[in-house]
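Along the sequence shown, residues carry numbers from 1. Every value quoted in this text rests on a predicted model; they were computed, and no experiment measured them.
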Amino acid sequence: MMISNQTFTVTEFLFSGFPQLEEGSLLFFIPLLIIYIFIVIGNLIVFFAVRMDIHLHKPMYNFISIFSFLEIWYTTATIPKMLSNLISKQKTISMTGCLLQMYFFHSLGNSEGILLTTMAIDRYVAICNPLRYPTIMTPQLCAQLSAGSCVFGFLVLLPEIAWISTLPFCGPNQIHQIFCDFEPVLCLACTDTSMILIEDVVHAVAIIFSVLVIALSYIRIITVILRIPSVEGRQKAFSTCAAHLGVFLMLYGSVSFMYLRFSATFPPILDTAIALMFAVLTPFFNPIIYSLRNKDMKIAIKKLLCHMKM
């Protein structure tokens with residue numbers, strides 16, 4: 001902190017999400033490092049398996065590959081700093097670093113949310129309007145939707161981050177979380193905190209809108225699948241949607257616990273557990289879900305791994 005005219009100006013924040021890790025921090029560092037390496041390698045395998053197998057050059061797999069690519073950077077925005085803090089006596093982050101971490105973490109998360117919504121709509125069209133699907137979901141539209149998800153995800157957060165960067169921080173600098181997040185940071189601002197409620201409402205509306213679109217799409221999809229006369233046809237249709245639905249439930253389940261609670265407060269350990277759920281565990285399970293639940297994906301991954309051994 002800098003001192004000027006008896007007023008403290010915060011230049012860095014201190015994380016207090018892991019207060020118990022002063023002793024034996026390696027017990028947490030090593031598993032987190034292994035998980036991070038698995039997330040990066042697993043999602044890279046999914047990404048390159050789709051890109052290198054011509055049989056997977058379809059809208060659904062294209063969305064999966066983009067999602068896997070985003071997952072790598074989504075976790076990179078937070079986990080390396082978590083690892084650094086676990087083995088460092090000074091569990092701090094600069095003001096600029098905190099703003100950048102919030103921006104990239106939430107921008108990538110927004111892009112993933114939009115992409116999951118796009119994937120749900122893609123499955124809806126493929127199953128509910130199969131004859132029109134090739135003419136609707138063209139390669140050009142697929143590329144536009146993928147790019148649009150990423151661009152919109154990054155642009156929509158710029159005004160919010162710019163506003164936070166103008167706030168005065170002159171008091172406590174302890175962030176009660178394991179990474180920089182909106183509410184823990186805004187609570188430290190030396191200004192009217194009523195804006196936190198507005199932030200909560202904006203986030204809640206965005207989350208609820210995405211959940212409704214995805215939920216309605218899958219309700220309609222399941223209704224159509226149940227009308228398929230053959231058991232094999234139903235199983236094939238369900239298998240193409242199960243992975244997307246699983247990722248959706250994991251991601252939005254944990255996100256809802258974190259950002260749809262408004263004034264409700266959780267114990268610090270529960271806050272940390274929820275944050276780890278959507279920041280670490282969900283990206284960890286994504287490549288597993290997409291590779292194990294899809295026959296074509298498993299074949300493509302085997303081909304990729306065999307090609308790498310040669």
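- Remark: T96 engages S94, L100 in a side-chain contact (heavy atoms from CB on, under 4.5 Å) (not counting sequence neighbours).
- Between the side chain of N173 and the backbone N or O of E12 there is at least one donor-acceptor pair closer than 3.5 Å.
- Side-chain contact between S256 and I207 is present, with heavy atoms from C-beta onward closer than 4.5 Å.
- Side-chain contact between L305 and I45 is present, with heavy atoms from C-beta onward closer than 4.5 Å.
- L216 and Y252 sit in two unconnected hydrophobic clusters of ILVMFWY residues. Membership requires side-chain heavy atoms under 4.5 Å apart, directly or through other members.
- Smallest separation of non-hydrogen atoms from S88 and Q90: OG-O, 3.1 Å.
- Residues satisfying the ring pair (Phe, Tyr, Trp, His ring centres under 6.0 Å) criterion with Y61, sequence neighbours excluded, are absent altogether.
- Listed by chain and number, the residues in a side chain to side chain donor-acceptor pair (under 3.5 Å) with H57 amount to none (sequence neighbours excluded).
- Between M82 and L32 the shortest heavy-atom distance is CB-CD2, 3.9 Å.
- Applying the ring-ring contact (aromatic ring centres under 6.0 Å, His included) rule to pairs touching residues 123-143 yields nothing, sequence neighbours excluded.
- Residues F182 and I164 meet the side-chain proximity criterion, which asks for heavy atoms closer than 4.5 Å.
- Counting only distance, with no hydrogens or angles, the side chain of K81 and the backbone of T92 share a donor-acceptor pair below 3.5 Å.
- Under the 4.5 Å side-chain heavy-atom criterion for ILVMFWY residues, no single connected hydrophobic cluster contains both I219 and I214.
- When all heavy atoms are compared, the tightest approach of S254 to M277 is CB-CG, 3.3 Å.
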N/O donor-acceptor pairs under 3.5 Å from side chains in residues 138-159, not counting sequence neighbours:
residue	atom	partner	partner atom	Å
T138	OG1	L141	N	3.2
S146	OG	N62	ND2	3.1
S146	OG	C142	O	3.0
S149	OG	L145	O	2.8

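- Contact check for T118 versus D122: no side-chain heavy atoms found under the 4.5 Å cut-off.
- No side-chain N or O of Y74 forms a donor-acceptor pair with one of S111 less than 3.5 Å apart.
- To the nearest 0.5 angstrom, D271 atom CG is 8.0 Å from E183 atom CD.
- Considering only residues two or more places apart in sequence or on other chains, F104 meets the ring pair (Phe, Tyr, Trp, His ring centres under 6.0 Å) condition with none of them.
- At a threshold of 4.5 Å between side-chain heavy atoms, the hydrophobic network of Ile, Leu, Val, Met, Phe, Trp and Tyr places M52 and I64 in one connected group.
- Atom CZ in F38 sits 14.0 Å away from atom CG in L33 (nearest 0.5 Å).
- In plain terms, the two heavy atoms of A279 and T75 that are nearest each other are O-CG2, 3.7 Å.
- Criterion: ILVMFWY side-chain heavy atoms under 4.5 Å apart, direct or through other members. Under it, I37 and L70 are part of a common hydrophobic cluster.
- Across all their heavy atoms, S165 and A162 have their closest contact at OG-O, 2.5 Å.
- Of the possible polar contacts, none joining the Q177 side chain to the P184 backbone as a donor-acceptor pair under 3.5 Å is found.
- Side chains of Q174 and F13 form no contact here, defined as non-hydrogen atoms less than 4.5 Å apart.
- No close placement of the H176 and F15 rings is indicated, their centers lying 6.0 Å or farther apart.
- Residues Y218 and L226 fall within the same hydrophobic cluster, defined by Ile, Leu, Val, Met, Phe, Trp and Tyr side chains chained together at heavy-atom separations under 4.5 Å.
- You'll find the side chain of K298 stays beyond 4.5 Å of the side chain of I301, heavy atoms only.
- When all heavy atoms are compared, the tightest approach of P283 to E71 is CA-OE2, 3.3 Å.
- Here the side chains of Y36 and T76 are in contact, with some heavy-atom distance below 4.5 Å.
- Remark: side-chain polar atoms of N129 are not paired, donor with acceptor, to backbone N or O of V125 under 3.5 angstrom.
- The shortest distance between side-chain heavy atoms of N286 and F67 falls below 4.5 Å.
- R123 and S217 share no donor-acceptor pair across their side chains, judged by distance under 3.5 Å alone.
- Between the CZ atom of F47 and the OG atom of S68 there is a distance of 9.0 Å, given to the nearest 0.5 Å.
- The backbone N or O of H55 sits less than 3.5 Å from a side-chain atom of D53, completing a donor-acceptor pair.
- Under the 3.5 Å distance criterion, the side-chain polar atoms of N110 are matched with a main-chain donor or acceptor of H106.
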